[in-house]
Amino acid sequence: MTVRIRHLDTSAANFAAEFERVLHWSAETDGAIEERVASILSDVQQRGDAAVLEYTERFDGLDAASVASLEIGHDELQAALTAITPAQRSALEFAAQRVRDYHQRQLEACGRSWAYRDADGTLLGQKVTPLDRVGIYVPGGKAAYPSSVLMNALPAKVAGVGEIVMVVPTPKGEKNLLVLAAAAVAGADRVFTIGGAQAVAALAYGTATVPAVDKITGPGNAYVASAKRRVFGKVGIDMIAGPSEILVLADGTTPPDWVAMDLFSQAEHDELAQSILLCPDADYIERVQTEIDRLIAAMPRRDVIRASLEGRGALIHTRSMEEACEISNRIAPEHLEVSSRDPHRWEPLLKHAGAIFLGAYTSESLGDYCAGPNHVLPTSGTARFSSPLGVYDFQKRSSLIEVSEAGAQQLGVVAAELAYGEGLQAHAQAAEMRLKR
């Protein structure tokens, strides 16, 4: 089976135009989706539980007597943890411990309060406090993602969030035991079997049963993304994620079938996912193409993989690894694999990526599940200015200022001068009142 993925060359005259076509993806949402989501959010805000029940029955086929009956108790979560296979439980707990350890180090590095005193005794600092309550959205339906439970709940736990409210759709009442077991392992406080825009609305506005949260994190479909965008400001959100992406920088030393499968690992998400290879070795690129054609027939999701690779994928021949790094920075990919014999030679040249995977043995899939760093990453070039989900997303910072009498003598003069310049006399006089006459 031949996969007609684009082959580009940076030395070609038309490379820039062809490259832009590969990268193009419109973040504009369907107008009908936006209109429907706006209606659902407004309805839940006004009618609360009644609206949540109505939409849950309509979209998920769940005829429940009350929203309270859609909550999963801790006993059921623990029962799910007991019911999964020993191998599954071991894998969940192993992954959870690595994710927890990584975010604990993150907390120690950047999540602590601090303060210092000037020579005149003025105290300045920063007070870091966790959010009171967060909501995590976990996709359900066609696929189940226990890894998303770990990646969203554990950094919140490490940050010290007071309560974690998880929502997960269960179409026709089908509950995924791994997802429930992951909720038990990660320490979710409350779990509701609701999804879609109505779940986002319930978390943002609160209902008689679902408590309002301070921030909502986690991936979802177009309706969930639209709802998160619309409730931002009422609550915080993590990000609006686009299609999944992988960029592989290869020097030709990694087995080509490894690289082909790494490209598949993102392409299998959906038809809009993007997989790109940058390599200065033209012969190696052809070997990767050969492996793509050989391996795809055995992939259960081969139709999705093929559509993704042919629609948005590319194998790009570069003049050098240095040029490959420069192009990578322009793309700012979600996942960046440096599949090289000496990845640390190239890592200093790489500025923009959600996560950087160094060396041939570091497949992106390890980061998705159990390496430790968070797999909730910026997409669509937003790694130029945003970061992976982390402990810092579940904390807020308050400035601490305690001005001494001596400090007020100097700062007051400066503040008054600037305040008069801005025409704010009360500001100026409030500072001057503290000056010694």
Side-chain angles (χ1 to χ4, degrees), residues 44 48-97 99-100 132-158 161-196 198-203 206-213 216-221 224 369-370 394:
V44 173
D49 280 355
V52 172
L53 280 174
E54 181 181 314
Y55 293 122
T56 300
E57 180 179 2
R58 183 184 308 175
F59 299 132
D60 290 341
L62 281 179
D63 185 10
S66 65
V67 174
S69 69
L70 297 175
E71 183 172 2
I72 296 176
H74 286 278
D75 288 347
E76 187 174 351
L77 299 182
Q78 289 297 323
L81 187 58
T82 302
I84 60 176
T85 68
Q88 289 175 327
R89 178 167 183 165
S90 177
L92 265 183
E93 292 175 341
F94 179 87
Q97 190 57 51
V99 174
R100 190 181 293 110
D132 291 331
R133 182 186 292 126
V134 300
I136 62 173
Y137 190 100
V138 179
K142 291 182 180 179
Y145 297 100
S147 58
S148 289
V149 179
L150 302 183
M151 295 294 178
N152 283 271
L154 287 172
K157 275 288 181 186
V158 171
V161 169
E163 185 177 27
I164 298 172
V165 182
M166 174 176 142
V167 293
V168 56
T170 56
K172 303 194 185 311
E174 295 181 12
K175 299 173 183 175
N176 183 277
L177 287 181
L178 262 181
V179 167
L180 301 189
V185 169
D189 296 291
R190 301 184 71 179
V191 180
F192 291 92
T193 56
I194 57 176
Q198 63 271 22
V200 174
L203 292 172
T207 72
T209 307
V210 181
V213 302
I216 301 171
T217 71
N221 62 17
V224 172
Y369 295 107
C370 57
F394 299 100

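Throughout, residue positions are numbered sequentially from 1 according to the sequence presented.
- Not a single salt bridge (Lys or Arg N to Asp or Glu O under 4.0 Å) links Arg100 to another residue, sequence neighbours left out.
- The side-chain contact (heavy atoms from CB on, under 4.5 Å) check on Tyr369 picks up Ser147, with sequence neighbours excluded.
- The list of salt bridge (charged side-chain N to carboxylate O under 4.0 Å, His left out) pairs with a residue in residues 85-95, not counting sequence neighbours, reads Arg89-Glu93.
- For the residue pair Val149 and Ile136, the shortest heavy atom distance occurs at O-CD1, 4.4 Å.
- Under the 4.5 Å side-chain criterion, counting only non-hydrogen atoms from C-beta, Pro169 is not in contact with Ile194.
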Give the table of side-chain donor-acceptor pairs shorter than 3.5 Å for residues 174-185, with sequence neighbours excluded, one pair per line with atom names and distance.
from	atom 1	to	atom 2	distance (Å)
Lys175	NZ	Glu76	OE2	2.9
Asn176	OD1	Leu178	N	3.0
Asn176	OD1	Val179	N	2.9

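- Of all non-hydrogen atoms in Tyr137 and Gly196, the two that sit nearest each other are OH-N, 2.7 Å.
- Judged by distance alone, with hydrogens and angles left aside, the side-chain atoms of Arg133 form no donor-acceptor pair with the main-chain N or O of Gly162 at under 3.5 Å.
- Side-chain contact check for Ile84 versus Leu92: some heavy-atom pair is nearer than 4.5 Å.
- At distances below 3.5 Å, at least one donor-acceptor pair connects side-chain atoms of Thr56 with backbone N or O atoms of Val52.
- Pro139 and Tyr145 get closest at one heavy-atom pair: CB-CD1, 3.8 Å.
- The salt bridge (Lys or Arg N to Asp or Glu O under 4.0 Å) check on Glu54 picks up Arg47, Arg58, with sequence neighbours excluded.
- Using modelled atom types, one side-chain atom of Thr193 and one backbone atom of Leu70 make a donor-acceptor pair closer than 3.5 Å.
- Scanning for side-chain contact (heavy atoms from CB on, under 4.5 Å) contacts around Asp132 gives Asp214, with sequence neighbours left out.
- Looking only at side-chain heavy atoms (C-beta outward), Leu53 and Val67 come within less than 4.5 Å of each other.
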* To do: Before giving the answer on side chain to side chain contact (heavy atoms under 4.5 Å, CB included), spell out for Leu62 and Lys172 the whole-Å C-alpha distance, their side-chain angles and the decisive distance to 0.1 Å.
  => CA-CA 5 Å; Leu62 281 179; Lys172 303 194 185 311; 5.9 Å; no
Below 3.5 Å, can you tabulate the donor-acceptor pairs from side chains in residues 151-158 to any protein atom, sequence neighbours excluded?
from	atom 1	to	atom 2	distance (Å)
Asn152	OD1	Thr217	OG1	2.8
Asn152	OD1	Gly218	N	3.3
Asn152	ND2	Ser148	O	2.8
Lys157	NZ	Gly187	O	3.2

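- Residues satisfying the salt bridge (Lys or Arg N to Asp or Glu O under 4.0 Å) criterion with Glu57, sequence neighbours excluded, are absent altogether.
- Judged as a salt bridge (Lys or Arg N to Asp or Glu O under 4.0 Å), and not counting sequence neighbours, Asp49 has no contacts.
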* To do: Report the C-alpha distance between Val134 and Ile216 in whole Å, list the side-chain angles of each, state the deciding distance to 0.1 Å, and finish with yes or no for side chain to side chain contact (heavy atoms under 4.5 Å, CB included).
  => CA-CA 6 Å; Val134 300; Ile216 301 171; over 6 Å; no
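- Checked against side-chain contact (heavy atoms from CB on, under 4.5 Å), Ser66 has the following partners two or more places apart in sequence or in another chain: Ala68, Ser69.
- At least one side-chain heavy atom of Val165 sits under 4.5 Å from a side-chain heavy atom of Phe192.
- At a threshold of 4.5 Å between non-hydrogen side-chain atoms, the residues Glu71 and Arg190 count as touching.
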